[in-house]
Amino acid sequence: MTSVRIPADWPTTEEQARAVQDGLRGRVVLDEPGPPPGTGRVTGVDVAYDDERDLVAAAAVVLDAGSLEVVAEATAVGRISFPYVPGLLAFREIPTVLAALDALPCPPGLVVCDGYGLAHPRRFGLASHLGVLTGLPTIGVAKNPFTFTFTTPATPRGSTAPLLAGAEEVGLALRTRDAVKPVFVSVGHRVTLADARAHTLALTPAYRLPETTRRADALCRRALREAGEARDAGDTGA
DNA sequence: GCGACAG
DNA sequence: ATCTTGTCGC
């Protein structure tokens, strides 16, 4: 339903990967309003790893943006194809994420990623990369500030503080719960930062993290566990 | 050179 | 990401 081939020039080395980011960065669209928060569908994607078995599992969970009810979900399992390198997370996660999105029975709508978009050493993080490859509107919601700096937002839910790369504002530290550690929101593709903030708040009625990432996280972990068990049981899949 | 570093 | 028990509190 979101069939996108992995580009033929998918990198093998860190140097190639950085070159790919520099080459695609210009394709990010930052001046579109994106889908109205609270309407349509919102999809969470996440990935889990089993280094021992060289397994990676991705999940995509589609929610109704208004009710936050699960509309559809899909998973994909593969082999780990790229190491974790700060700044190059997309190359580790995107292949399997694309497979999971492709397995969905319906369009994803806005995609919420675990990690960053614009807030990235070369301004082209996972959320931006996934957006450019699929054409879908994307945002990134990360759990920690990575290399960026911020001042503590006020206590109430909804409070923000700029997320800074030096003097450049690359995203927001956003409180999604009163007095609870903030999350870090950045634009991915075809969504404004103000809307990324609104979407994140609409997705956090009860917990610090968006329902999309909570659902996707639980699902990819389960898919990983089941894939590992199947392998241990001698399941060749044939 | 050293340390830090989304997941 | 992942390894991991109990524990304090709403």
Side-chain angles (χ1 to χ4, degrees), chain A residues 14 17-18 20-21 25 28 44-61 75-100 111-132 138-150 155 157 163-166 168-174 176-189 193 196 200 205-210 212-229:
Chain A
E14 296 183 22
R18 283 185 283 268
V20 166
Q21 292 178 330
R25 179 171 44 195
V28 175
V45 293
D46 194 19
V47 183
Y49 301 90
D50 182 338
D51 294 309
E52 287 292 297
R53 299 185 180 81
D54 185 29
L55 283 176
V56 53
V61 180
T75 61
V77 175
R79 295 176 47 157
I80 300 174
S81 58
F82 206 90
Y84 170 67
V85 179
L88 301 180
L89 178 64
F91 300 96
R92 182 168 168 82
E93 308 223 323
I94 281 184
T96 321
V97 167
L98 285 179
V111 178
V112 180
C113 298
D114 235 14
Y116 284 107
L118 220 202
H120 177 272
R122 285 166 295 284
R123 304 296 179 266
F124 195 70
L126 171 64
S128 305
H129 203 145
L130 185 64
V132 165
T138 62
I139 66 173
V141 180
K143 297 181 284 295
N144 74 56
F146 196 16
T147 62
F148 307 107
T149 60
F150 66 102
T155 305
R157 159 179 157 86
L163 186 66
L164 303 171
E168 181 181 356
E169 179 167 356
V170 293
L172 298 171
L174 168 66
T176 53
R177 303 296 296 159
D178 291 353
V180 170
K181 185 198 331 182
V183 297
F184 303 90
V185 179
S186 62
V187 160
H189 183 58
L193 185 56
T200 303
Y207 299 97
R208 179 171 84 113
L209 298 180
T212 39
T213 68
R214 289 169 41 78
R215 290 309 224 307
D217 178 76
L219 183 56
C220 70
R221 290 193 199 212
R222 182 157 60 84
L224 184 67
R225 176 170 48 75
E226 290 174 354
E229 290 171 351

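A, B, ... follow the sequence lines: proteins, then strands. Residue 1 opens every chain. These numbers were taken from a predicted model, which means no experiment stands behind them.
Between the P atom of dA1(C) and the CG atom of Leu126(A) lies a distance of 13 Å, rounded to the nearest Å. Rounded to a whole Å, the CD atom of Glu52(A) is 10 Å from the P atom of dC3(C). Atom CG in Leu88(A) sits roughly 12 Å away from atom C1' in dC5(B) (whole-Å rounding). Following rounding to the nearest Å, His120(A) (NE2) and dA6(B) (P) show an atom-to-atom distance of 11 Å. Atoms CZ (Phe91(A)) and P (dA1(C)) sit 20 Å apart, rounded to a whole Å. For the pair Asp50(A) CG and dA1(C) P, the computed distance is 14 Å after rounding to whole Å. Residue Asp217(A) contributes atom CG, which lies 11 Å from atom C1' of dG7(B) at whole-angstrom precision. Across the protein-nucleic acid pair, Leu89(A) atom CG and dG7(B) atom P stand 8 Å apart, rounded to whole Å.
Taking only side-chain nitrogens and oxygens, Lys143(A) never comes nearer than 4.0 Å to OP1 or OP2 of dA6(B). Residue Arg221(A) places at least one side-chain N or O closer than 4.0 Å to OP1 or OP2 of dA1(C). Asn144(A) has a side-chain polar atom (N or O) that falls below the 4.0 Å cut-off from OP1 or OP2 of dG7(B).
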Does Cys113(A) form a side chain to side chain contact (heavy atoms under 4.5 Å, CB included) with Val45(A)? I'd like the steps, not just the answer. CA-CA 6 Å; Cys113(A) 298; Val45(A) 293; 4.1 Å; yes
Set out, in order, the CA-CA distance, both residues' side-chain angles and the distance that settles salt bridge (charged side-chain N to carboxylate O under 4.0 Å, His left out) for Asp50(A) and Arg53(A), then state yes or no. CA-CA 6 Å; Asp50(A) 182 338; Arg53(A) 299 185 180 81; 2.5 Å; yes
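Side-chain proximity of Tyr116(A) to dG7(B), dA6(B), dT2(C): nearest is dA6(B).
When heavy atoms are screened at a 4.0 angstrom cut-off, Ile94(A) is found touching no nucleic acid atom at all. Across all strands, Ala119(A) comes closer than 4.0 Å to no nucleic acid atom at all (heavy-atom distances). Counting non-hydrogen atoms under 4.0 angstrom, Gly140(A) reaches nothing in the nucleic acid. Asp46(A) comes within 4.0 angstrom of sugar-phosphate atoms only, judged by non-hydrogen atoms across all strands, and of no base.
Ring-base stacking between Tyr84(A) and dG7(B) is satisfied, the centre separation being under 5.5 Å and the plane angle under 30°.
Note on ring orientation: taking the six-membered ring where Trp is involved, the planes of His129(A) and Phe91(A) are perpendicular (angle over 60°, cut-offs 30° and 60°).
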Which nucleotides of DNA chain B pair, in dot-bracket form (Watson-Crick or G-U under 3.5 Å, | meaning another strand): .......
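Glu93(A) and Tyr49(A) are linked by a side-chain donor-acceptor pair at a separation below 3.5 angstrom, with hydrogens and angles left out of the test.
Counting only distance, with no hydrogens or angles, the side chain of Thr138(A) and the backbone of Ala127(A) share a donor-acceptor pair below 3.5 Å.
For the pair Leu88(A) and Arg18(A), the minimum side-chain heavy-atom distance is below 4.5 Å.
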